[in-house]
Asker: 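Have a look at this one before I ask anything.
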Amino acid sequence: MADIIQLLPESIANQIAAGEVIQRPASVIKELLENSIDAGSTEIEIILKDSGKSLIQVVDNGKGMSETDARLSFERHATSKIREAADLFKINTMGFRGEALASIASIAHVELKTRTEDKDVGTRIVINGSAIETQEICQTPRGTSIAVKNLFFNVPARRNFLKTDATELSKILEEFKRIALIKPEIFFKVYHNGTELYYLPSSNIRQRVVSIFGKKYNEKLLPVQEETDAFSVQGFVGQADSAKKSRGEQYLFVNERFIKSNYLNHAIRLAYGDLLTKDVHPFYVLNLSIEPSQIDINVHPTKHEIKFQEERIVYNFLNVAIKHALGKYSLRPMIDFEAERQFQHVQSAIGGGSGQQEFSKPRKQEIDKWSSLYDEIKENQLAATDDTIYRSAATEESSLHSSFDKIKSKPFQIHSNYIVHQIKSGFVLIHQCYAHERILYEQYKNCLSEGQGNAQKLLFPITINYTPERYTLLINMVDELNHLGYEIENFGENSIIVHATPAEMDENSTEETLDRFLSSYEENIEFQLGIAENLARSLAKSTSLKKGKRLSEEEMQSIIDKLFACQNPYVNPEGKKAVITYEISEIENLFK
Ligand code: ADP
Ligand code: MG
């Protein structure tokens, strides 16, 4: 048989990469701004036309590029930011994959003008869909100007997928804010169709917040400032009475990089406690500084997600920092005493330490010991002997794991939607849908990163016909789905054949499940979660237990066991509470 495997032409490889990195005009803004910042710019101007669909131009006064670098910058994996693999673990630039410019150039008309300090003339390059049209010498100020015109001119599917001008513009401005807020020292100007939208001279974070969100924010901001040897957090949170119904105004940065984390958002929110009603969201702009080697930012190309080595400790730390900021520790001496006592417990339990440090200031070595202690306790069920050992002052919740004691009471279900389960200090109320979503989500995530899901063959394979959009979407992630236990074959002409489904799924509703899954996936696209994350979330959502499902005792017990074996049992993948703890003492109080 003749050889049939061929290497993809570079331009097509770039277009494929672009699918991941550049979803819409807002992604272009993000990449270009990050590059300008990495180049040390102090002034950056953004010029937009038609919500970025016709033009996105970023002009900076950074260090510029030499003629050779200008040409090389459009090559895939061309980056000045990494020289060796070890650099990956100490990244402190915003970009480093070297794929943004190559991707952008493969799906737009791009004009680059750039000049370095030491040269009198600069370089101009015009590149259309990866093909260099012009490269010449030009007159241009020091720095770099990149104009991206007619985005997706050669990818109609993408272009048609874009939302209304108003939506795309607001997405661009959202990306812009995620950068402007954390780089207040940089002077930014933004123009859209000739109108000035932002004019933000160099300032500090507080002033920047006020000039972006309005004067009335000024008196609502509470400063946050907390530091240990291992990490620190700075920024502002809004007073409880300024919280809003929409979730938008929450900005968490790690080492000045915007991230999304439902888990850490929960830590912040929890610090407000009763100060907030259920349906409102507090404002915050916070920057967490952590040793770069303690985190993994390389998880996803758009890098909104991040992995911490010590996620639970970061959670506690943030929670305490916000409580301090909110003045919740006005009873400070007492609380500190309490915290210290508990910290001593922790230290004596790990066999060392002077017990001198405050709870909020563990030293780095302690953090390691401390977190291994958590794990040990979880494993050995040592827990039941004294649960103050691992109850931190910060999270009542972290003790939950271990509060399951030897009392074996039977869980029961109420309203066909909640599981009530007794624990030593009271009881927990579990939301069966959210809990099950969490369990499946972690299971799918683990399966995608390692292992292979179990498949069950269908007796009769089913053929499903989709709209071209859905078909394309599905085909794009067919490898991942098959990894989870599906066996889906591309049948062409917008059709697929399903030969097998993951073992735990109801084979009679394969088509409905896939429909629900695709709808949820589509809804999540705007959050730019990346395939694996979105897939795990959406599939968990579409296959989880539904409200109204009656459960047997074994089923309930299995949910409880699996939930508390999860990395983060407390919330569903979207951050909704999956478990609520009721302390018996609180309940006793209700009867007074
Ligand atoms: P990355 O940022 O991941 O390195 P990019 O494709 O975004 O990859 O950029 C490629 C390279 O082009 C960068 O590493 C940098 O050397 C150069 N570059 C891009 N934009 C600018 C800019 N505005 N000023 C100076 N150099 C730039
Ligand atoms: Mg970059």
Side-chain angles (χ1 to χ4, degrees), residues 19-27 30 51 152 157-175 178 244-250 258-263 265-266 279 281 299-302 304-305 431 433-445 448 464 466-478 480-481 484 486 488 494 496 502 505 509-547 571-578:
E20 269 288 295
V21 189
I22 307 296
Q23 271 119 3
R24 51 177 16 108
S27 345
K30 172 175 187 284
S51 303
F152 300 132
R158 281 271 165 183
R159 201 174 53 229
N160 298 336
F161 202 68
L162 292 179
K163 302 266 168 60
T164 60
D165 275 11
T167 310
E168 292 302 334
L169 182 63
S170 84
K171 287 182 192 297
I172 290 181
L173 297 178
E174 190 50 41
E175 270 324 323
R178 290 172 182 178
K244 291 202 169 149
K245 287 246 170 354
S246 64
R247 195 184 263 253
E249 296 171 352
Q250 301 187 325
F258 177 86
I259 66 147
K260 276 187 187 157
S261 163
N262 286 331
Y263 184 59
N265 174 51
H266 187 256
D279 51 344
H281 306 280
V299 203
H300 185 256
T302 59
H304 282 333
E305 308 255 318
H431 191 288
C433 320
Y434 295 156
H436 195 221
E437 257 183 57
R438 162 58 59 181
I439 295 167
L440 292 172
Y441 164 78
E442 292 200 5
Q443 184 182 320
Y444 294 145
K445 274 296 276 261
L448 283 172
I464 312 176
Y466 289 109
T467 61
E469 290 82 8
R470 283 216 159 168
Y471 169 75
T472 316
L473 194 67
L474 197 91
I475 292 308
N476 240 327
M477 53 185 156
V478 87
E480 284 85 355
L481 285 168
L484 291 176
Y486 272 105
I488 295 176
N494 301 329
I496 59 158
M505 271 179 208
S509 51
T510 305
E511 186 168 353
E512 290 98 294
T513 305
L514 278 172
D515 278 344
R516 275 204 301 270
F517 160 70
L518 286 166
S519 308
S520 161
Y521 192 97
E522 283 162 351
E523 281 170 25
N524 284 340
I525 283 178
E526 61 170 320
F527 302 119
Q528 305 189 1
L529 304 169
I531 292 185
E533 177 68 23
N534 192 349
L535 198 157
R537 281 195 197 184
S538 302
L539 203 59
K541 194 168 189 168
S542 51
T543 53
S544 61
L545 282 173
K546 293 294 158 280
K547 195 173 171 173
V571 289
N572 83 344
E574 287 167 355
K576 293 187 186 136
K577 276 187 194 160

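These numbers come from the heavy atoms of this one structure, side chains and all, not from hydrogens, waters or symmetry mates.
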Asker: Write down the atom of Gly575, the atom of Asn262, and the distance for their closest heavy-atom approach.
Answerer: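 For Gly575 and Asn262, the tightest heavy-atom pair comes out as N-ND2, 3.7 Å.
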Asker: Could you tell me which non-hydrogen atom of Thr472 sits nearest to which non-hydrogen atom of Pro468, and how far apart they are?
Answerer: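 Thr472 and Pro468 have their closest heavy atoms at OG1-O, 2.5 Å.
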Asker: Of all residues at least two apart in sequence or in a different chain, which pass the salt bridge (charged side-chain N to carboxylate O under 4.0 Å, His left out) check with Glu174?
Answerer: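 If we apply the salt bridge (charged side-chain N to carboxylate O under 4.0 Å, His left out) test to Glu174, skipping adjacent residues, the hits are Lys177, Arg178.
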Asker: For a 4.5 angstrom cut-off between non-hydrogen side-chain atoms, does Phe152 reach Leu162?
Answerer: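 When only atoms from C-beta onward are counted, Leu162 and Phe152 do touch, with a gap below 4.5 Å.
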Asker: Would one find more than 12 heavy atoms of other residues, nucleotides or ligands at under 6.0 Å from atom OH of Tyr466?
Answerer: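 Atom OH in Tyr466 is crowded, with more than 12 foreign heavy atoms closer than 6.0 Å.
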Asker: Please enumerate all residues that pass ring-ring contact (aromatic ring centres under 6.0 Å, His included) together with Tyr263, with sequence neighbours excluded.
Answerer: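 Result, ring-ring contact (aromatic ring centres under 6.0 Å, His included) vs Tyr263: Tyr315.
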Asker: Just so I know, are the side chains of Leu539 and Ser542 near enough to count as touching, which here means a heavy-atom distance under 4.5 Å?
Answerer: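 Leu539 reaches Ser542 side chain to side chain.
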Asker: Check whether more than 12 heavy atoms from other residues, nucleotides or ligands sit under 6.0 Å from atom NZ of Lys546, and answer yes or no.
Answerer: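 Above 12, so yes.
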Asker: Would you give the length of the straight line joining atom CG of Leu440 to atom NE2 of His436, rounded to the nearest 0.5 angstrom?
Answerer: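 Between Leu440 CG and His436 NE2, I get 4.0 Å after rounding to 0.5 Å.
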Asker: Among residues two or more places apart or on two chains, list those pairs meeting salt bridge (charged side-chain N to carboxylate O under 4.0 Å, His left out) that have a residue in residues 533-543.
Answerer: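 The answer is Lys445-Glu533, Glu533-Arg537, Lys541-Glu574.
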Asker: Is there a side-chain contact between Val571 and Lys576 (heavy atoms, below 4.5 Å)?
Answerer: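 Result no, sub-4.5 Å side-chain heavy-atom pair not found.
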Asker: To the closest 0.5 Å, what do you measure between CG (Asn572) and NZ (Lys577)?
Answerer: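 Taking CG in Asn572 and NZ in Lys577, the distance rounds to 12.5 Å.
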Asker: Quick one: does any side-chain atom of Ser538 pair with a main-chain N or O of Tyr521 as donor and acceptor, under 3.5 Å?
Answerer: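 Checked: pair present.
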Asker: When rounded to the nearest 0.5 angstrom, what distance separates CG in Leu169 from OG1 in Thr164?
Answerer: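 The distance works out to 9.5 Å.
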Asker: Side chains of Tyr444 and Thr543: donor-acceptor distance under 3.5 Å anywhere?
Answerer: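 Checked: Tyr444/Thr543 side chains pair up, N/O donor to acceptor below 3.5 Å.
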Asker: What is the minimum heavy-atom distance between Leu448 and Ala532, and which atoms define it?
Answerer: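 Closest approach of Leu448 to Ala532: CD1-O, 3.7 Å.
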Asker: Are any non-hydrogen side-chain atoms of Arg516 and Thr513 less than 4.5 angstrom apart?
Answerer: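 Answer yes - side chains close enough.
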Asker: Let me confirm one number: the CG-CD distance from Leu484 to Gln443, rounded to the nearest 0.5 Å.
Answerer: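 Reported to 0.5 Å precision, the distance equals 9.0 Å.
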Asker: Can you tell me how far apart CG (Asn160) and CZ (Arg158) are? Round to the nearest 0.5 Å.
Answerer: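 One gets 12.0 Å once the value is rounded to the nearest 0.5 Å.
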Asker: Taking all non-hydrogen atoms of both residues, which atom of Leu473 and which atom of Glu522 are closest, and how far apart?
Answerer: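 Minimum heavy-atom separation between Leu473 and Glu522: CD2-CG, 3.6 Å.
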Asker: Flag the pair Ile475 / Ile496 as yes when at least one side-chain heavy-atom distance between them is below 4.5 Å, and no otherwise.
Answerer: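 Yes. Closest side-chain heavy atoms under 4.5 Å.
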Asker: If I compare all heavy atoms of Ile525 with all of Asn534, which pair ends up nearest, and what's the gap?
Answerer: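 Scanning both residues completely, I find the closest heavy atoms to be N-ND2, 3.9 Å.
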Asker: How many angstroms lie between atom CE of Met477 and atom CG of Leu474, to the nearest 0.5 angstrom?
Answerer: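 Met477 CE to Leu474 CG: 5.5 Å, rounded to 0.5 Å.
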Asker: Just so I know, are the side chains of Glu249 and Lys244 near enough to count as touching, which here means a heavy-atom distance under 4.5 Å?
Answerer: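 Yes; the side chains approach each other to less than 4.5 Å.
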Asker: Compare every heavy atom of Ile172 with every heavy atom of Pro25, then report the nearest pair and how far apart it is.
Answerer: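 Scanning both residues completely, I find the closest heavy atoms to be CB-CD1, 3.8 Å.
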Asker: Are Tyr486 and Met505 close enough that some pair of their side-chain heavy atoms sits under 4.5 Å apart?
Answerer: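 Tyr486 vs Met505: side chains touch.
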Asker: Sequence neighbours excluded, which residues qualify as side chain to side chain contact (heavy atoms under 4.5 Å, CB included) partners of Lys171?
Answerer: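 Expected list: Arg24, Ala26, Thr167, Glu168, Glu526.
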Asker: Between Thr467 and Arg470 (side chain of the first, backbone of the second, donor and acceptor by atom type, cut-off under 3.5 Å), is there such a pair?
Answerer: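 Checked: pair present.
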Asker: Who are the side chain to side chain contact (heavy atoms under 4.5 Å, CB included) partners of Asn265, not counting sequence neighbours?
Answerer: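 By the side chain to side chain contact (heavy atoms under 4.5 Å, CB included) rule, Asn265 matches Arg247, Gln250, Tyr284.
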Asker: Please identify each residue that fulfils side chain to side chain contact (heavy atoms under 4.5 Å, CB included) with His431, with sequence neighbours left out.
Answerer: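 Counting only residues at least two positions away or on another chain, His431 forms a side chain to side chain contact (heavy atoms under 4.5 Å, CB included) with Asn417, Tyr418, Cys433, Tyr434.
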